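This structure is in structure tokens; I'll ask about it shortly.
Keep in mind the model is a prediction, meaning the values are calculated, not measured.
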Amino acid sequence: MLAIFHKAFANPPEELNSPSSHLSPKKPKSPEETLNEFLSRHPLKTFSMNFGHAAVLAYVQPDGPFSTHQRLFCGFDDVYCLFLGSLNNLCTLNRQYGLSKSTNDAMLVIEVYRTLRDRGPYPADQVIKDLEGSFAFVIYDSKAGTVFAALGSNGGVKLYWGIAADGSVVISDELDLIKECCAKSFAPFPAGFMFHSERGMMSFEHPMNRIRAMPRVDSEGVMCGANFKVDLYSRVNSIPRVGSEVDWSNWDTQ
């Protein structure tokens, strides 16, 4: 899967952008070049949607019904979701959210996002922590211009992100694509984390701890993006709220 968001909408962490990218022989590609590279790698089973200059979402159909990881793409009420993996407790969550038995993982995640967006009754970190299994998803709310992404904590699915030539953020499960198109400005998306374009990053496993950006150095000794890790010795100076105000409101950029 591939998601590209203009920097004005995504607000990626500054540490992800390495100054070495524009100094190395291999330059980062533009969003258009990145999309074309993705499409050329999957010429027969690819679907993409373009949202003007704001975003691009692209999806590769699975090779068969028994692929290692489920790949889904769907949209509802101007909210679109790319989903990779599977939720072990899908049936339980469908009942919890009042959805039909036939609702798939991606549609459930859209409903989870809409519940949070519309001031649901639970903290965002707890809601995402309730998703059990190996999963990664990227949501784009085209009406609000909001990006929301998360990666499960068990390491069963990998996700990567980087910075394109114009500063747009690129998210994909294909490491080779990210390396090719983002030059030195890329990193693994941290497991057990979620990212919101207006609220920043948070560990849903350790929501009360701050996040540290740790510079990454490649085999050539060149700095290339940053790994984001939980600082177990530094806590966020806020008190968790309860009731109807806990949706996005207590998720401050760390």
Side-chain angles (χ1 to χ4, degrees), residues 1-22 24 26-39 48-60 73 79-84 109 113 128 136-151 157-204 211 213-216 223-229 248 251 253-254:
M1 67 181 185
L2 172 69
I4 305 173
F5 303 104
H6 191 276
K7 61 181 180 180
F9 293 90
N11 301 310
E14 293 181 3
E15 296 88 349
L16 195 58
N17 195 355
S18 170
S20 304
S21 276
H22 296 279
S24 65
K26 181 183 290 186
K27 305 297 184 185
K29 297 181 182 292
S30 69
E32 295 78 12
E33 292 171 327
T34 300
L35 176 61
N36 289 335
E37 177 70 23
F38 180 80
L39 296 176
S48 64
M49 287 187 69
N50 193 309
F51 300 85
H53 296 292
V56 174
L57 301 177
Y59 156 80
V60 180
F73 174 74
V79 179
Y80 300 86
C81 177
L82 290 166
F83 183 94
L84 176 65
V109 169
Y113 166 78
I128 302 304
F137 66 79
V138 180
I139 281 180
Y140 179 56
D141 185 336
S142 62
K143 185 178 293 183
T146 300
V147 179
F148 182 42
L151 177 63
V157 174
K158 304 296 184 183
L159 198 64
Y160 307 90
W161 58 345
I163 304 297
D166 67 344
S168 296
V169 62
V170 181
I171 306 175
S172 178
D173 61 319
E174 298 186 21
L175 177 57
D176 289 343
L177 177 74
I178 291 288
K179 285 183 176 180
E180 177 68 26
C181 298
C182 299
K184 299 296 184 180
S185 294
F186 75 94
F189 192 99
F193 276 63
M194 54 187 181
F195 169 77
H196 188 277
S197 54
E198 295 178 358
R199 302 292 181 179
M201 294 186 67
M202 173 190 281
S203 166
F204 57 80
I211 297 168
M214 310 296 291
R216 297 175 64 246
M223 188 176 295
C224 51
N227 288 323
F228 298 90
K229 298 182 179 297
W248 302 114
W251 182 358
T253 301
Q254 303 178 61

Inset, instruction - Determine the minimum heavy-atom distance between Ser18 and Lys184, stating which atoms define it. - result: CB-O, 3.6 Å
Inset, instruction - Among residues two or more places apart or on two chains, list those pairs meeting salt bridge (charged side-chain N to carboxylate O under 4.0 Å, His left out) that have a residue in residues 2-14. - result: none
Legend entry - Non-hydrogen atoms of Lys27 and Ala183 that approach each other most closely: C-CB, 4.0 Å
Legend entry - Side-chain heavy-atom pair Pro188, Asn227 within 4.5 angstrom cut-off: yes
Legend entry - Pairing residues for Glu15 by the side-chain hydrogen bond (donor to acceptor under 3.5 Å, both in side chains) criterion, not counting sequence neighbours: none
Inset, instruction - Look up atom OH in Tyr59 and atom CG in Leu84, then write down how far apart they are to the nearest 0.5 Å. - result: 10.5 Å
Inset, instruction - Sequence neighbours left out, what passes side chain to side chain contact (heavy atoms under 4.5 Å, CB included) with Glu32? Give chain and number order. - result: Ser30
Inset, instruction - Using salt bridge (Lys or Arg N to Asp or Glu O under 4.0 Å) as the criterion, list what pairs up with Glu37, not counting sequence neighbours. - result: Arg41
Inset, instruction - Over 60° means perpendicular and under 30° means parallel, so classify the ring planes of Tyr140 and Phe5, tilted if in between. - result: tilted
Inset, instruction - Identify the heavy atoms of Ile211 and Ser203 that sit nearest to each other, and give their distance. - result: CD1-N, 4.1 Å
Inset, instruction - Could you give me the CA-CA distance, side-chain angles and deciding distance for Ile139 and Cys81, then say whether side-chain contact (heavy atoms from CB on, under 4.5 Å) is met? - result: CA-CA 4 Å; Ile139 281 180; Cys81 177; 4.0 Å; yes
Legend entry - Non-hydrogen atoms of Ala164 and Pro28 that approach each other most closely: C-CB, 4.2 Å
Legend entry - Test salt bridge (Lys or Arg N to Asp or Glu O under 4.0 Å) applied to Lys158 - qualifying residues, sequence neighbours left out: none
Inset, instruction - Give a yes or no answer on whether the side chain of Ser172 reaches the backbone of Met1 with a donor-acceptor pair at less than 3.5 Å. - result: yes
Legend entry - Pair Phe195 + Phe189: ring centers closer than 6.0 Å: no
Legend entry - Tyr113 and Phe148 aromatic ring geometry - parallel, tilted or perpendicular at 30°/60° bounds: tilted
Legend entry - Phe204: partners by ring pair (Phe, Tyr, Trp, His ring centres under 6.0 Å), with sequence neighbours left out: none
Legend entry - Leu2 side chain reached by Val56 side chain, heavy atoms, under 4.5 Å: no
Legend entry - side-chain hydrogen bond (donor to acceptor under 3.5 Å, both in side chains) partners for Ser48, two or more places apart: none
Inset, instruction - Report the distance from atom CG of Asn11 to atom CZ of Arg199, rounding to the nearest 0.5 Å. - result: 12.0 Å
Legend entry - Interatomic spacing from CE in Met49 to OH in Tyr80 - rounded to 0.5 Å: 4.5 Å
Legend entry - Heavy-atom closest pair, residues Gly162 and Ile178: N-CD1, 4.5 Å
Inset, instruction - Could you list all the side-chain hydrogen bond (donor to acceptor under 3.5 Å, both in side chains) pairs where at least one residue sits in residues 159-169, not counting sequence neighbours? - result: Asp166-Ser168
Legend entry - Set of residues satisfying ring pair (Phe, Tyr, Trp, His ring centres under 6.0 Å) with respect to Phe186, sequence neighbours excluded: none
Legend entry - Listed partners of Phe193 passing ring pair (Phe, Tyr, Trp, His ring centres under 6.0 Å), at least two apart: none
Inset, instruction - Please round to the nearest 0.5 Å and tell me the distance separating atom CG of Leu39 and atom OG1 of Thr34. - result: 11.0 Å
Inset, instruction - Mind listing the closest non-hydrogen atom pair of Pro31 and Ile4 along with its distance? - result: O-CD1, 3.6 Å
Legend entry - Ile163 side, atom CD1; Cys181 side, atom SG - distance, nearest 0.5 Å: 13.0 Å
Inset, instruction - Mind checking the CG-CD1 spacing from Leu82 to Ile171? Nearest 0.5 Å is all I need. - result: 9.5 Å
Inset, instruction - Using modelled atom types only, decide if a donor and an acceptor are shared between the side chain of Arg216 and the backbone of Cys224 within a distance under 3.5 Å. - result: yes
Legend entry - Under the side-chain hydrogen bond (donor to acceptor under 3.5 Å, both in side chains) test, residues paired with Asp173 that sit two or more places apart: Arg71
Legend entry - Those residues that, when tested against Ala8, pass side chain to side chain contact (heavy atoms under 4.5 Å, CB included) (two or more places apart): His6
